[in-house]
Amino acid sequence: MKNIKINDLKKIFLLGLILMTSVNCQRNLSDDATLSTYSKNGQVFIDGFSSGLGYGAFGGSKYTAFSVDTQVKYAGTASMRFDVPSVGDPGGAYAGGVFIDGSGRNLTDYDALTFWVKGSQAATLNEVGFGADFGLNKYKVSYENVPIDTNWKKIIIPIPDASKLIQEKGMFWYSEGPENGLGYTFWIDNVMYEKLGTIAHPQPAMMNGVDTSLQTFIGSNITLSGLTETFNMPSGINQTVLVAPGYYSFTSSNTSVATVNELGVVSVIGSGSCTIKATLGGQAVLGSLIINSLGAFTPAPTPTQNAANVISIFSNAYTNVPVEYYNGYWGGSTTQGQADLHINGDDIIKYSQLNYVGIQFSQPTVDASQMTNFHIDLKVQNFTGAGNSVKIKLVDFGADSVYGGGNDSSYELTVTNPALPAGSWVSLDLPLSSFPTLTSRSHLAQIVLSSGSGITDILVDNIYFYTVATAPSSAAPTPTVPAANVISVFSDAYTNVSGTNLNPNWGQTTVVTQVPIAGNNTLKYSGFNYQGIQLGSSQNVSGMSYLHIDYYSADSTGLNAYLISTGPVEKAKALTVPTNSGWSSVEIPLSNFSPVNLSDIIQLKFDGNGTIYLDNIYFHN
């Protein structure tokens with residue numbers, strides 16, 4: 001099975017120029033230039049390359065895949081030969097590259113690119129076309145899944161609107177991967193632009209020719225998809241090509257709601273509705289995008305887990321693992337949607353008409369055996385009634401990393417309303433232990449979301465596995481306040497109050513130890529309910545401004561810090577736990593502890609739960 005597709009040639013680099021070329025020549029079309037400024041030569045390869053043509057291989061491809069062959073040819077003395085590598089070839093994963101004329105050519109007199117092709121075996125070429133130029137690829141055209149066999153066959157790729165090609169540099173490009181894992185050879189000959197006059201009934205389309213409605217928000221950017229044009233070919237058969245947005249003229253029916261640029265990017269700027277339509281070569285385009293903007297968007301909560309403890313499937317907060325698709329519409333799925341909302345720099349998955357949908361990441365599978373939890377943010381868009389639910393299924397492919405190989409394991413967990421109120425983000429942190437029949441997490445490959453009852457429209461963000469670190473892996477931050485401005489209770493950075501008892505017997509169940517973390521002495525409270533610190537002498541901190549504390553907890557759900565003066569008079573300050581992103585450093589204004597007498601501080605106290613690590617407890621200006 002082949003899986004080679006070049007989606008963004010702007011991100012692909014030249015590995016080398018094989019032919020005599022002038023691809024580095026940059027020329028811009030001036031306002032008074034005429035169509036005759038650039039060469040009208042339509043020949044690309046006829047027994048050799050036409051003047052000025054150069055070849056550049058795609059990044060990741062086998063750059064030696066292309067050569068000129070004088071033994072096998074359609075006509076004349078030579079052809080282009082392409083040797084597709086097998087899976088695992090260290091030279092590259094596929095064969096692919098671009099033939100460029102650096103000065104550009106005027107192709108306005110032609111209506112098609114044509115060539116002859118044959119293979120050493122029957123095969124299907126992933127993509128061929130023109131308009132790819134290692135630049136904007138503004139007028140790129142792709143013809144996909146081209147069947148070839150061992151006999152020479154003529155291929156015709158229609159030009160959507162030749163009037164645009166005044167200075168086209170991308171004369172020809174191709175991308176082809178192994179067939180069933182194995183390499184093979186194919187040849188292409190007599191590559192040229194022609195005026196056939198027999199290509200008829202062009203029908204351009206956007207959104208695959210369907211009037212498509214999209215519910216979205218202010219700040220979202222939507223790239224128009226399904227840009228194609230279908231032609232009736234000389235053979236009488238209809239043929240469809242993928243067309244770059246540069247050929248289209250886009251319009252918005254209400255520019256106060258959304259605008260659209262020449263690259264087919266729709267920017268939603270206001271509330272309300274509008275329709276995005278287009279023409280191509282003066283002809284109305286089939287299909288449209290109907291924007292229904294709901295107004296301002298509230299993003300999902302920003303993840304706080306330390307990236308070192310996360311395996312991310314979908315999140316802008318982390319680096320995601322390779323994912324094959326977020327929209328596996330397997331047999332019976334009615335779900336619409338994909339990772340298609342881009343709102344103020346954030347990517348959101350939107351699923352509509354949800355019954356079930358699959359997310360697959362099997363190349364390679366994910367080893368989450370050291371992870372403890374699964375996280376996902378969900379926002380239900382439609383009304384949620386009692387008993388409505390969403391189901392979350394995790395699937396492990398087993399040691400063979402193949403679905404259905406006999407060693408798969410999975411478990412489906414149901415999340416039921418009222419845990420899923422409509423219109424609000426819900427952050428689900430699910431212990432992996434709550435997926436009991438998921439017997440292995442070493443080869444995770446799928447997440448399946450399905451509607452248990454009633455829920456049909458959801459937004460999804462921040463899908464990841466993570467582990468809860470029970471102890472900090474690094475020391476607390478080193479203090480920088482000058483010692484002259486500090487009264488220290490516990491810190492390696494300063495001289496602490498003499499005679500202080502870090503574990504007075506106040507009847508607590510807390511177990512107090514001092515542990516080295518990255519060489520730094522740290523207080524650890526285990527089995528924590530409350531714990532006191534008895535200062536060696538009363539301290540006058542009325543001339544100070546802040547109490548500083550560094551603290552860490554992976555499992556606490558409540559933590560308070562107290563100052564106590566003679567009386568006793570005490571006042572608590574609540575601290576935020578758990579500290580999922582590592583150590584937390586707080587500067588608590590001493591005014592927060594009123595009515596404690598700051599000139600007579602005799603004790604500190606902490607209460608809460610879980611396991612707590614403390615360091616750098618000091619007063620300062």
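Keep in mind the model is a prediction, meaning the values are calculated, not measured. The analysis underlying the following values was restricted to heavy atoms, covering all of them including side chains, and did not include hydrogens, waters or symmetry mates.
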Do His620 and Asn485 pair up side chain to side chain, a donor and an acceptor below 3.5 Å, judged on atom types alone? no
Hey, are the side chains of His375 and Ser427 touching, using non-hydrogen atoms and a 4.5 Å cut-off? yes
Side chains of Leu547 and Asn592: closer than 4.5 Å at any heavy-atom pair? no
Check whether any side-chain heavy atom of Ser271 lies under 4.5 Å from a side-chain heavy atom of Ile218, and answer yes or no. yes
Hey, are the side chains of Leu575 and Asn560 touching, using non-hydrogen atoms and a 4.5 Å cut-off? no
Check: Tyr494 ring centroid to Tyr618 ring centroid under 6.0 Å: yes
Given 3.5 Å as the limit, does a donor-acceptor pair link the side chain of Ser267 with the main chain of Asn221, or not? no
Given Tyr318 and Tyr464, is the ring-ring contact (aromatic ring centres under 6.0 Å, His included) satisfied, shown in steps? CA-CA 9 Å; Tyr318 305 110; Tyr464 56 84; 5.3 Å; yes
Do any N or O atoms from the side chain of Tyr466 and from the backbone of Ala308 form a donor-acceptor pair under 3.5 angstrom? no
Show the atom names and distances, to 0.1 Å, of all donor-acceptor pairs under 3.5 Å that link a side chain in residues 400-408 to residues at least two apart or in another chain.
| from | atom 1 | to | atom 2 | distance (Å) |
| --- | --- | --- | --- | --- |
| Asp400 | OD1 | Val402 | N | 3.1 |
| Asp408 | OD2 | Gly404 | N | 2.6 |

Ser220 to Thr216 - nearest heavy-atom pair and separation: OG-OG1, 2.7 Å
Could you go through the side chain to side chain donor-acceptor pair (under 3.5 Å) check for Ser545 and Asn621 one step at a time? CA-CA 5 Å; Ser545 301; Asn621 288 323; 4.5 Å; no
N/O donor-acceptor pair under 3.5 Å between Tyr562 side chain and Gln603 backbone: no
Within the side chain of Ser369, is there an N or O that forms a donor-acceptor pair under 3.5 Å with the backbone of Asp367? no
Atom pair CZ (Phe397) and OG (Ser410), whose distance is rounded to the nearest 0.5 Å: 10.5 Å
Asn208 side chain to Val210 main-chain N or O, any donor-acceptor pair under 3.5 Å? no
Shortest non-hydrogen pair, Phe361 vs Gln446, comes out as CZ-N, 3.7 Å
Value rounded to 0.5 Å, distance of CD1 in Ile291 from OG1 in Thr275: 9.0 Å
Would you sort out whether Val357 and Leu354 count as a side chain to side chain contact (heavy atoms under 4.5 Å, CB included), showing the intermediate values? CA-CA 7 Å; Val357 67; Leu354 175 70; 4.1 Å; yes
Just checking, any donor-acceptor pair under 3.5 angstrom between side chains of Ser409 and Asp396? no
Assess, by modelled atom type and distance only, whether the side chains of Asn521 and Gln514 contain a donor and an acceptor separated by less than 3.5 Å. yes
Classify the side-chain pair Gln508/Asn503 by whether it contains a donor and acceptor separated by less than 3.5 Å. yes
Do Phe606 and Ile549 make a side-chain contact, defined as non-hydrogen atoms from C-beta onward lying under 4.5 Å apart? yes
Stepwise side chain to side chain contact (heavy atoms under 4.5 Å, CB included) check, Ile359 with Val323: CA-CA 8 Å; Ile359 300 171; Val323 174; 4.2 Å; yes
Of Leu604, Asn616, Leu523, which is the lone residue that meets side-chain contact (heavy atoms from CB on, under 4.5 Å) with Phe490? Leu523
Do the side chain of Asn320 and the main chain of Ser315 share a donor and acceptor less than 3.5 angstrom apart? yes
To check you understand the geometry: which heavy-atom pair defines the closest contact between Ala445 and Thr365, and what is its length? CB-CG2, 4.0 Å
Distance-minimising heavy-atom pair for Gln305 and Thr467: OE1-O, 4.3 Å
For the pair Phe435 and Tyr411, name the ring-plane relationship: parallel under 30°, tilted 30 to 60°, perpendicular over 60°. perpendicular
After noting the C-alpha distance and the side-chain angles of Ile588 and Phe619, does the key distance pass the side chain to side chain contact (heavy atoms under 4.5 Å, CB included) rule? CA-CA 9 Å; Ile588 307 172; Phe619 303 93; over 6 Å; no
Do Lys524 and Thr611 have side chains that get closer than 4.5 Å, going by heavy atoms? yes
Do other residues, nucleotides or ligands put more than 12 heavy atoms under 6.0 Å from the NZ atom of Lys393? no
Donor-acceptor under 3.5 Å (Ser424 side chain, Pro421 main chain): no
Rounded at 0.5 Å granularity, tell me how far CG in Leu420 sits from CD1 in Ile458. 9.0 Å
side-chain contact (heavy atoms from CB on, under 4.5 Å) with Asn373: of Leu432, Asn309, Val468, Leu430, only one passes, and it is Val468
Could you measure the distance from the CD1 atom of Ile311 to the CG atom of Leu444? Nearest 0.5 Å is fine. 8.0 Å
Within a strict 4.5 Å, meaning less than it, do heavy atoms of the Ile222 and Val268 side chains meet? yes
Report yes if the side chains of Ile564 and Ile601 come closer than 4.5 Å at any heavy-atom pair, otherwise no. no
Within 6.0 Å of CD in Glu587, more than 12 heavy atoms from elsewhere: yes
Side-chain donor/acceptor of Gln531 to backbone N/O of Val512, under 3.5 Å: no
Between Ser352 and Lys350, do the side chains contain an N or O donor and an N or O acceptor separated by less than 3.5 Å? yes
Should Thr259 and Val266 be marked as a side chain to side chain contact (heavy atoms under 4.5 Å, CB included) after you check the CA-CA gap, both sets of side-chain angles, and the distance that decides it? CA-CA 6 Å; Thr259 60; Val266 179; over 6 Å; no
Using 30° and 60° as the class boundaries, would you call the ring planes of Tyr356 and Trp330 parallel, tilted or perpendicular? tilted
Backbone N/O of Asp600 and side chain of Ser565: donor-acceptor pair under 3.5 Å: no
List the residues meeting side chain to side chain contact (heavy atoms under 4.5 Å, CB included) with Ser585, not counting sequence neighbours, and say none if there are none. Pro477, His548, Asp550
Minimum heavy-atom distance Ile348-Val460, with the two atoms named: CG2-O, 3.6 Å
Does the Ser491 side chain pair with the main chain of Ser488, one donor and one acceptor, at a distance under 3.5 Å? no
Glu412 and Thr414: side-chain donor and acceptor closer than 3.5 Å? no
Is it the case that the ring center of Tyr551 lies less than 6.0 angstrom away from the ring center of Tyr613? no
Approximate separation, where rounding is to 0.5 Å, of Thr509 OG1 and Tyr525 OH: 12.5 Å
Considering non-hydrogen atoms only, spot the tightest contact between Asn520 and Ala475 and give its length. CB-CB, 3.7 Å
Taking atom types as modelled, find out whether His342 and Asn344 have a side-chain donor-acceptor pair closer than 3.5 angstrom. no
I need the Ile290 CD1 to Asn292 CG distance, nearest 0.5 Å. 7.5 Å
Tell me whether Tyr530 at atom OH has more than 12 heavy atoms from other residues, nucleotides or ligands lying less than 6.0 Å away. yes
